[in-house]
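First up is the structure itself, then whatever we jot down about it.
Source: prediction; values computed, not measured. In what follows, chains are A, B, ... by sequence order, proteins preceding strands, each numbered from 1.
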Amino acid sequence: MPLLKFVSRMTANEIRRAYLDFFSEQGHKIVPSSPIVNKNDPTLLFTNAGMNQFKDFFLGNKTPDSRRVADTQKCMRVSGKHNDLEDVGRDGTHHTMFEMLGNWSFGDYFKEEAITWSWKLLTERLGIDPELIYATVFEGASEEGVPRDDEAKQVWLKFLPEERILLGNKKDNFWEMGETGPCGPCTEIHVDTRSREERLKVNGRDLVNIDDSGVVEIWNNVFIQFNRLADGSLENLPERHVDTGMGFERLCMILQGKQATYDTDIFTPILSQIEELSGHKYGGSYATEAKADMAMRVVADHLRAVAFTIADGQLPSNTGAGYVVRRILRRAVRYYFSFLDVKSPFLFKLIPMLVNEMGAAFPELAQQKDQIAKIIEGEEKSFLQTLDKGLSRFADLEAKDGVIDGAAAFELYDTFGFPIDLTRLLAEEQGKRVDEAGFETALKAQKDRSKADAAKSVGDWISVGEDVESVFIGYDQLEADDARITKYRTVELKGKPQYQVVLDRTPFYGESGGQAGDKGTLTVDGEDIPVYDTQKENDLTIHLVKKLPETPDGLVIAKVHAGNRQATSQHHTAAHLLHAALHEVLGKHAVQKGQDVRSKRVRFDFSHFERPSTEELQRVEDLVNEKIRQNIPLIERRDVPIAEAKESGAMMLFGEKYGDSVRIITFDPEFSSELCGGTHVPHTGELGLFKIDSESSLAAGIRRIEAVVGEVALAKVNGEMDTLVELRGLLKNSQDVVKSVASLQDENRQLKKELEKLKAAQAGNLKGELLKSVEVINGVNVIATRVDISDAATIKTMVFNLEKELGDAFILIGSENDGKPMLTLSISKELTESKELHAGNIIREIARNIKGGGGGQPFFATAGGKDAGGLDAAIAAGKEKV
RNA sequence: GGGGGAUUAGCUCAGUUGGCUAGAGCGCUAGAUUUGCAUUCUAGAGGUCAUCGGUUCGACUCCGAUAUUCUCCA
């Protein structure tokens with residue numbers, strides 16, 4: 001039975017469309033979702049809210065082209081402030097990846113319009129019963145000097161009776177971006193999704209902001225009007241903004257009259273495919289015992305998260321965002337492995353279905369579907385292997401009184417990647433339990449260690465003069481002699497202060513698009529300040545320095561280290577040529593998956609399903625070198641409208657965020673044309689020589705090439721040449737070095753064998769003599785003498801052979817190697833037992849005569865020393881022992 | 001970025017507190033069995049114990065560095 005008065009017939013796709021259309025009608029520009037992987041903001045691994053891509057507008061670093069914007073944004077909440085990962089699957093509403101519908105005003109409309117439109121969209125366009133809607137507004141905070149948000153309340157009173165407008169506290173109704181930065185009061189819209197009977201029993205008003213109560217928050221309208229400083233105080237912003245966010249999945253749930261997002265048409269196709277492939281039926285239960293149902297939700301959710309992040313270019317890895325992707329994927333594996341009885345790669349089989357469902361709205365999925373499936377399958381395989389190893393390690397774990405040591409469980413988890421919940425599960429199966437406290441202690445210790453290391457405190461920006469938008473002039477100039485510092489701040493890293501400086505205009509290229517930041521100097525009123533790196537936070541170029549200028553408001557001469565920049569530019573151009581060459585040699589599928597351009601080398605990752613052959617790599621290298629020799633001039637076009645760029649067929653990448661106008665870098669229109677913000681050389685000839693250093697596999701379906709150009713390449717080749725020349729010299733100027741070395745190796749092998757034979761023969765002769773020297777003492781065959789063999793292994797062999805022939809024997813051999821004395825003692829096993837002789841003990845004792853020590857087992861021991869003069873005494877002493 | 005582990009034959013791995021002539025299974029080569037194949041049996045080849053340095057009479061084993069790799073945390 002539908003739980004709402006109405007049930008919308010709209011599909012998820014139609015609901016999304018309705019939202020965007022509505023705001024388009026209100027004069028909003030509809031923009032595409034930015035990538036789910038956040039590459040521009042070091043404080044954020046993933047996009048976790050719709051406003052992320054507009055952060056610069058709120059911070060005043062940039063002015064927007066349109067003051068009204070709306071979109072649907074792919075978001076992920078798995079780390080930091082919002083972490084929903086462990087809740088996914090347990091209930092019907094939490095997700096790692098979700099879509100956030102949002103509309104924004106940048107210094108344009110404010111509370112009146114925002115609230116009015118929210119109301120109209122929900123009630124008129126989407127048809128939600130007005131009777132079921134509640135709103136909350138900020139109650140005010142006297143300690144902050146922020147009054148109650150009566151403005152918002154006044155607007156709401158136009159649509160809602162007073163009893164359905166609630167006051168909320170700072171936690172629910174005051175929104176902050178982070179510790180510092182833009183913030184303000186917000187108004188939340190809640191919808192009562194309960195049945196009529198339940199509504200009659202309990203007033204919905206009492207259930208607002210209570211989890212799982214049936215009254216759910218669907219939309220938050222934030223009114224940004226303050227800026228939070230590092231000391232905790234608030235200041236008014238010059239311009240006021242609106243930032244809203246409405247969870248798409250939740251909206252669909254309400255409109256379609258469902259109790260869980262998993263029951264909407266966003267998820268039902270995924271769940272039914274999981275049913276089909278796993279053989280389990282989805283019961284939709286949230287009971288703790290309904291493990292399979294939970295597992296299916298986990299798999300459905302994580303599948304989306306993993307597929308979308310990979311589509312946006314984030315591969316699973318062991319650091320940063322990639323590690324988060326890996327963790328999500330592994331959580332899915334854990335659940336299907338434990339609760340769906342699936343023991344082989346499974347997620348990747350769901351990709352074609354996912355692409356069918358979502359590929360139209362998100363083309364990045366459709367176009368890379370094979371690749372995504374391949375990568376996921378590879379990850380699944382390797383984790384299943386890890387699980388396998390962990391299982392056998394678990395079997396070796398000892399349990400005291402049925403309790404598995406916490407430290408041991410932690411080691412299994414930390415070092416071998418075996419999930420703690422699996423350890424728990426396995427322990428339970430054997431009627432054991434895990435020492436949870438011990439585990440938690442160990443985990444906390446590790447977290448503290450990592451945090452202590454990463455300790456970093458960021459101070460407020462301190463404005464110097466006017467806060468104007470920073471202009472990058474580094475494409476055309478390497479020096480600016482009339483720059484000014486606009487602001488700076490102190491960043492403390494591991495107790496050491498460092499400073500970040502922003503200029504009004506700068507030739508410094510901040511690290512972005514895989515290209516390393518510039519180095520150089522800032523000269524402020526004659527004082528030279530080295531810039532050791534340049535970074536970018538969103539669109540802000542930040543110069544990293546170790547000290548601040550004496551006069552921060554002075555005139556700045558900003559000078560980029562030209563040699564370093566040139567070498568970096570050469571390698572960036574090389575990356576473009578390599579990219580194009582890979583397309584030509586391997587095919588169009590070989591697209592860039594990441595790059596790291598530095599002054600010493602370029603590292604280029606691309607998609608390709610198999611190891612390129614040596615011939616293919618050679619052809620790639622040859623082709624790039626051919627393009628270098630052609631000395632192709634750079635064609636740089638700035639401010640090209642994005643539509644025109646698309647039209648031109650220039651290379652664009654998934655997971656990159658492109659603005660309205662872009663820059664196109666072309667080297668031979670027939671060969672290489674890419675959207676790119678990096679720096680390049682004016683002619684390809686400047687690269688001189690291109691040399692591939694290595695080719696390796698990075699993940700399933702991803703290869704990595706490292707290469708060098710210019711001086712670095714030349715140095716490399718020269719180095720190799722020098723070695724070759726030297727080698728040839730050593731080989732008496734051999735014409736064929738390879739053949740010479742091979743024959744040397746061969747000869748060496750034969751000589752070794754021959755030497756061994758000779759040694760054996762020598763020992764054989766000696767053996768004959770020694771056999772003659774056998775004395776019988778106390779009924780034991782004794783040999784105790786010096787031999788003229790230096791090699792320990794040979795003596796060992798000989799002694800073993802002697803023993804074999806004599807039967808019961810006590811054999812003590814003295815020898816010298818490089819003037820160092822050595823003793824070898826062998827006592828037949830029977831004698832060690834019947835006469836209680838211990839070769840190790842004896843040899844330790846008699847080794848004193850040669851000023852040495854030794855040891856071994858009862859039947860064989862060796863000793864060495866420093867005084868060869870005592871050898872005879874040692875042998876005599878040894879004899880006494882029989 | 002910080003911790004922990006691993007690196008031994010072509011492959012997968014054993015190797016107990018430093019001292020047995022460093023092993024197993026699979027694979028490889030040869031022979032035997034068999035009409036042939038599979039099977040089985042026998043013999044054999046194959047190792048700078050990742051690299052470099054240190055401690056020690058002696059290091060696969062202990063210590064340090066490097067490389068590669070797995071894993072956890074940030």
Side-chain angles (χ1 to χ4, degrees), chain A residues 42-43 45 79-80 83 316-324 326-327 330 379 382-383 385-390 392-393 396 407-420 439 442-456 493-494 694 696-698 745 748-749 752-753 756 759-760 763 791-804 814-829 832 838-868 870-871 874:
Chain A
T43 64
L45 291 178
S79 57
N83 188 350
S317 75
N318 57 0
T319 53
Y323 180 55
V324 176
R326 175 168 282 173
R327 252 174 33 196
R330 290 182 168 192
E379 275 290 308
S382 94
F383 184 55
Q385 211 168 2
T386 305
L387 286 183
D388 225 35
K389 283 187 181 167
S392 66
R393 282 207 156 255
D396 293 340
F410 181 73
E411 190 198 17
L412 195 59
Y413 164 73
D414 172 73
T415 303
F416 301 100
F418 197 69
I420 183 64
F439 178 83
L443 183 63
K444 185 169 184 309
Q446 141 128 294
K447 284 191 177 178
D448 289 346
R449 252 198 320 271
S450 291
K451 271 196 190 127
D453 179 71
K456 168 175 160 179
L493 209 64
K494 292 183 189 179
S694 69
S696 58
S697 164
L698 194 63
Q745 283 178 325
N748 185 37
R749 207 172 297 132
K752 262 191 194 161
K753 272 188 188 163
E756 218 141 282
K759 277 187 195 164
D791 184 58
T794 311
I795 295 176
K796 209 182 229 175
T797 311
M798 185 184 73
V799 167
F800 276 101
N801 286 332
L802 272 172
E803 200 239 326
K804 221 178 278 173
S815 60
E816 270 184 72
N817 186 10
D818 269 347
K820 280 162 93 184
M822 192 176 127
L823 292 165
T824 307
L825 174 61
S826 156
I827 305 176
S828 301
K829 261 216 159 101
T832 62
H838 192 290
N841 295 340
I842 293 173
I843 207 140
R844 200 166 297 130
E845 200 179 318
I846 63 174
R848 285 192 205 128
N849 293 295
I850 54 170
K851 294 204 172 108
Q857 296 88 67
F859 52 91
F860 183 84
T862 56
K866 287 165 191 152
D867 181 12
L871 259 183

Between NZ of A/Lys451 and P of B/G2 the distance, given in whole Å, is 18 Å
What nucleotide among B/U71, B/A74, B/C72 has an atom nearest to a side-chain atom of A/Arg326? B/U71
Using the C1' atom as the point on both nucleotides, what is the distance between B/C60 and B/U56, in whole Å? 16 Å
The side chain to side chain contact (heavy atoms under 4.5 Å, CB included) partners of A/Arg326 (sequence neighbours excluded) come to A/Pro316, A/Asn318, A/Arg330, A/Glu379
Taking only residues two or more places apart in sequence or in another chain, which ones pass side chain to side chain contact (heavy atoms under 4.5 Å, CB included) with A/Thr386? A/Phe383
Base, sugar-phosphate alone, or nothing: which one does A/Ala847 contact when heavy atoms must sit under 4.0 Å apart? nothing
Just call it for A/Phe418: base, sugar-phosphate, or nothing, with non-hydrogen atoms closer than 4.0 Å on any strand. nothing
Assign A/Gly840 to base, sugar-phosphate, or nothing according to its heavy-atom contacts below 4.0 angstrom with the strands shown. nothing
For A/Asp867, enumerate each residue passing the side chain to side chain donor-acceptor pair (under 3.5 Å) test, keeping only those at least two apart in sequence or located in another chain. none
B/G44 and B/G27, which share atom name C1', separated by this distance in whole Å: 14 Å
How many angstroms lie between CZ in A/Phe410 and OG1 in A/Thr415, if you round to the nearest 0.5 Å? 7.5 Å
Tell me the interatomic distance from A/Leu443, atom CG, to B/C72, atom C1', rounded to whole angstroms. 9 Å
Below the 4.0 Å mark, does B/U71 have OP1 or OP2 next to a side-chain nitrogen or oxygen of A/Arg330? yes
Using a 4.0 Å heavy-atom cut-off, does A/Gly864 contact any base of the nucleic acid, only the sugar-phosphate backbone, or nothing at all? base
Between CG of A/Asn318 and C1' of B/G2 the distance, given in whole Å, is 13 Å
Sorted by chain and residue number, the side chain to side chain contact (heavy atoms under 4.5 Å, CB included) partners of A/Ala408 (sequence neighbours excluded) come out as A/Leu397, A/Asp405
Residues touching RNA chain B, which here means a heavy atom under 4.0 Å, drawn from residues 407-415 of chain A: A/Tyr413, A/Asp414, A/Thr415
Distance, P atom - from B/A65 to B/G3, rounded to whole angstrom: 10 Å
Taking only residues two or more places apart in sequence, or in another chain, which ones meet A/Ser382 in a side chain to side chain donor-acceptor pair (under 3.5 Å)? none
B/A59 versus B/G53 - spacing of their C1' atoms, nearest Å: 13 Å
P gap between B/A50 and B/A14, integer Å: 14 Å
Check the distance between B/A74's P and A/Lys447's NZ and give it to me in whole angstrom. 5 Å
Provide the distance between the two P atoms, one in B/G58 and one in B/C72, to the nearest whole Å. 42 Å
Once you round it to whole Å, what is the distance between C1' of B/C20 and CD1 of A/Ile843? 14 Å
Using the P atom as the reference point in each nucleotide, state the distance between B/G10 and B/U29 in Å, no decimals. 15 Å
The correct list of stems in which RNA chain B takes part (3 or more consecutive Watson-Crick or G-U pairs, distances under 3.5 Å) is B:1-7 with B:67-73, B:10-13 with B:23-26, B:28-32 with B:40-44, B:50-54 with B:62-66
Any heavy-atom pair between the side chains of A/Val799 and A/Leu825 that's under 4.5 Å? no
5'-most by nearest nucleotide on RNA chain B - A/Ala863 or A/Phe860: A/Phe860
I'd like to check the ring-ring contact (aromatic ring centres under 6.0 Å, His included) partners of A/Phe859; sequence neighbours left out, ordered by chain and number. none
Listed partners of A/Asp388 passing salt bridge (charged side-chain N to carboxylate O under 4.0 Å, His left out), at least two apart: none
Quick one: list whatever passes side chain to side chain contact (heavy atoms under 4.5 Å, CB included) with A/Asn841, sequence neighbours left out. A/His838, A/Arg844
Rounded to whole angstrom units, what separation is found between the CZ atom of A/Phe416 and the C1' atom of B/C72? 12 Å
Between A/Ala861 and A/Arg449, whichever has its closest RNA chain B nucleotide further toward 5' is A/Arg449
A/Gln446 CD to B/G1 C1': how many Å, rounded? 13 Å
Look at the side-chain N and O atoms of A/Arg844 and state whether any lies under 4.0 Å from the OP1 or OP2 oxygen of B/G58. no
Look up atom CG in A/Leu823 and atom CD1 in A/Ile850, then write down how far apart they are to the nearest 0.5 Å. 4.0 Å
Evaluation steps, side chain to side chain contact (heavy atoms under 4.5 Å, CB included), between A/Thr824 and A/Phe860: CA-CA 8 Å; A/Thr824 307; A/Phe860 183 84; 3.7 Å; yes
Under a 4.5 Å cut-off applied to non-hydrogen side-chain atoms, are A/Ile842 and A/Ile827 in contact? yes
Base-contact (B) and sugar-phosphate-only (S) positions in nucleotides 6-14 of chain B, heavy-atom cut-off under 4.0 Å, - elsewhere: -------S-
Pick the P atom in B/A24 and in B/G47, then give their distance to the nearest Å. 15 Å
What residues, two or more places apart in sequence or in another chain, satisfy side chain to side chain donor-acceptor pair (under 3.5 Å) together with A/Glu411? none
Calculate the interatomic distance between A/Lys444 atom NZ and B/G4 atom C1'; express it in whole Å. 19 Å
